[in-house]
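Each chain gets a letter, A, B and so on, in the order the sequences are listed, and its residues count up from 1. All figures in this text were calculated on a predicted structure; none of them were measured in a lab. Note: hydrogens, waters and symmetry copies are ignored here, and every other heavy atom, side chains too, is used.
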Amino acid sequence: MDYVDRLENVTVLGAGGKMGSGILLLTAMEMANLSLMPENKHRKFVLNAIDVSDSALLSLMDFLQAQVVKAAEKKTVQLRQMYKDRKDLIENGDIIKQYVFDVIKLVRCSTRLEQSYDSSLIFEAILENPDLKVKILSQIKEKSSKTPWFFTNTSSIPIHELDENVKLDGRIVGFHFYNPPAVQKLVELISGSNTQEDLVQFALQYAKNLRKIIVHSNDVAGFIGNGHFMRDGLYGISEVERLSEQVGFAEAVYMINKVSQDYLIRPMGIFQLIDYVGIDVCQFIMSVMNSRLQSENIHSPLLDKLNEKDVKGGQFGDGSQKDGILKYEKGKPVGVYSVDKGEYIPISEFQEKCDAKLGALPKAALPWKAVIGNPDKKTILENHFAELNEMDNLGAKLAVEYGKRSKEIALKLVADKVARTEEDVNTVLLTGFYHAYGPINEYFI
Amino acid sequence: MRKLRKKLYMTAGFNTISLGTGRKEFHPKKPRPGLEHYIKEAGQGTLAQMNGAQHVDECVIGNFMAARFNKQANLPAFFPMIDEGLKWKPAVAVEGACASGGLALATGIKTVLAETADVVLAVGVEVQNTVKAIYGADILAGAGWFQERKTGHAYFFPGKFSDRAGVYFEKYGRDKARKAFARWYRNAVENARLCPTAQEYHNKVEDLEAMAMMEPNPKAFVDNLNVFDCSKVSDAASAIAIVSEQGLEKIGVAKKDAVEVVGLGQAEYDITIPPADLTRLETTELAVKRAFESAGISKDDLSTVECHDCFTVAGILGTEAIGFAKPGEGADFVSAGNTARGGKIPFNTTGGLIGWGHPTGGTGVHQAVTIWEQLTGKAGDAQIEINNNKPFGLSINMGGDDKTVVAIVYKKC
Ligand SMILES: NC(=O)c1ccc[n+]([C@@H]2O[C@H](COP(=O)([O-])OP(=O)(O)OC[C@H]3O[C@@H](n4cnc5c(N)ncnc54)[C@H](O)[C@@H]3O)[C@@H](O)[C@H]2O)c1
């Protein structure tokens, strides 16, 4: 079975979800591109979009329509080439419409798993629940008319566990997109101990066609991205616990969030990032990691408490941020949740006092936005961190310790062979988390 | 062309802002004023300077593709909307792609010459931001031959002028041409910054030439041009009055506030036949020659030029077509600063199509308004010095790929 054979009949499980809808979109366009090549005229491409929720599937079609139109408008120059033999399609508008139809017509929505039984390739993006994943994959494996390959989007579950529990003989690979899949360039590719080489080769080809950047991660719970993020988050939480004895909890959250954003020139502070991903999601990933990694305690009682109080973060349907540890107005943090009081305390009440405690930012400091695409990024960062290391106010000191810890976490991922190289860890943070610099750097020694 | 058979003038020019990317007021996702708004604002702006609609004998409107951009035809019937006083008065709409505005002026001029009117209100309008650029490209492609659309580029006209640029590069050198393009862009924006209605009025970029040197990206756009080489997608209208000597008296405007129209040159080229030489604007050459003949002047009598720089390369070729530079030397002429506002012969003093904006069917009228402003000392911050020994201005308005061209010579009164 070659690359195109494999993509003739594909299923996305959880296609109505955040990740599933993006994976479905990218796969549908890749399949449509193949279907439009003259040599593939005789082939029949089918893409099954499976989800338990009808309403999620209906939204999926709206999403798909809007996104394919957008994509087609961007690549009309190429589309005109692809349709050059279609005499009836003359204007850009004609061509875009046809392409949208050619993508959407491949997609079959269903709430029934049976729909996947003729697929040679299954993308799995259902809930991050190991038992559920095992159950669904087993059922498909049992009933399938093919010998399908499984691509799982799991954020934390080791691939070899799924392989062993479903008895797939290595026909599974971790293909870990970042959210949202259509935009984020990074994919972590995770082979289990037993994963067949053909799957890996196919995955590399598929990623290349989707113009994704692949980083190989070893099959250790959390992989590289969450391996770094969860530990980085735990460090932030431990710093809050330490600091709150002197300044109070809400104040400490504000200060550490600010240090991890402004002093470290990151796109968001650590608590905003935890809210962005979702407190429940973080808690869950930590629990999966914790039960698989004996030597470490990856667990946060604070996140447990927040979850108990139903403070969860995550996003609304329109992509805007839900309140979590922080409360948001127009996407900006304006309050901090006090676990004791069960309410949000406005940041304005203590911001000035806390800023004074932290002290000034380095004079060379720029916001992340002004640095990330700046041609002089390297010099800006060198100056910023040289200054930061020399300063002795509280903010600078917390930041330097934070940077050192982040580097330590990254180096350990390499030492533990989760990542193949230091560069791979940096690539994940640069492309998956949009950091302006990799955690393994010369700034923190 | 023959000398014009009687004296006639233009006066009371008015431009709306040119709205589109670059203007602070422009938000692609927010509702915007429509066709009616622009026609009304420009028309009323001109009427206000000529004692209202009472003396207007006829009206003419130039527009290219409202039928597709705005799903609107029968534009002459918008004149009574501008002012009650225009109700029942004769009006006509003319179309010749991006030369529609120029054709409106030519039509008004001929009406006055034919003595069926003493006062003609001429309006040019286009409202193009109703669709995204990729669909706008389809609509604008109507300025070319539709039988070529299938084989043409997604961005049809940028594709056509990119081909011209490509041949120019080969024949005369890519580096010097690209540098001249960048210089053209810089001049355009620097001039636009002096004109509050210009689309690039708010442009604050420091090193314009460096930015404009960006390499073209054939995958997403065309082979030989980048976005800075292209005029913008614009919503705007312009209006001006075309009047006889008696007309000027009737509307109560002093001669010093008017320009005399002394030459007109028009030419057409077969839309189904590609240009013989891509490095020349042959139709433009001919129209300009006729305009000069009709006015009895030469290029050396000009103080300023408004040329049709829908693309930077068209600006460079324009300098050659008028005769300011020999074939292949337009690039050097422009790079040396000759067309800049302090240069030998200032071109496009309020930004031209690249800097002021290119509301396709309105552009010809906008050019006339700019020359009228310059020759009557009404150009505000954009004012250039007009040498009394060279009291003439020239406008060149081109439709399609050098297919329909209108050139007009104006004289300071
Ligand atoms: N959200 C992220 O940032 C992110 C990033 C990388 C990986 N992931 C991983 O991707 C997977 C999906 O996450 P998500 O954020 O898209 O979740 P989600 O809740 O948005 O989507 C899950 C979808 O699966 C559907 N579903 C649930 N049970 C199902 C079943 N039995 N059969 C078919 N469909 C079922 C749900 O209706 C829902 O539409 C998880 O494994 C998660 O760890 C998430």
Parallel, tilted or perpendicular: rings of F311(B) and F161(B) (30°, 60°):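 Parallel: the ring planes of F161(B) and F311(B) meet at under 30°.
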Any donor-acceptor pair under 3.5 Å from D235(B) side chain to P359(B) backbone: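 Here the side-chain-to-backbone pair does not exist.
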Under 4.5 Å from any heavy atom of chain B - which part of [X]:
{"X": "L79(A)", "answer": "neither"}
{"X": "Q78(A)", "answer": "side chain"}
{"X": "K84(A)", "answer": "backbone"}

Centroid separation Y168(B) to F181(B) less than 6.0 Å: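 Centroid separation for Y168(B) and F181(B): 6.0 Å or greater.
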Cationic N near anionic O, under 4.0 Å, K327(A) to D275(A):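 Salt bridge absent between K327(A) and D275(A).
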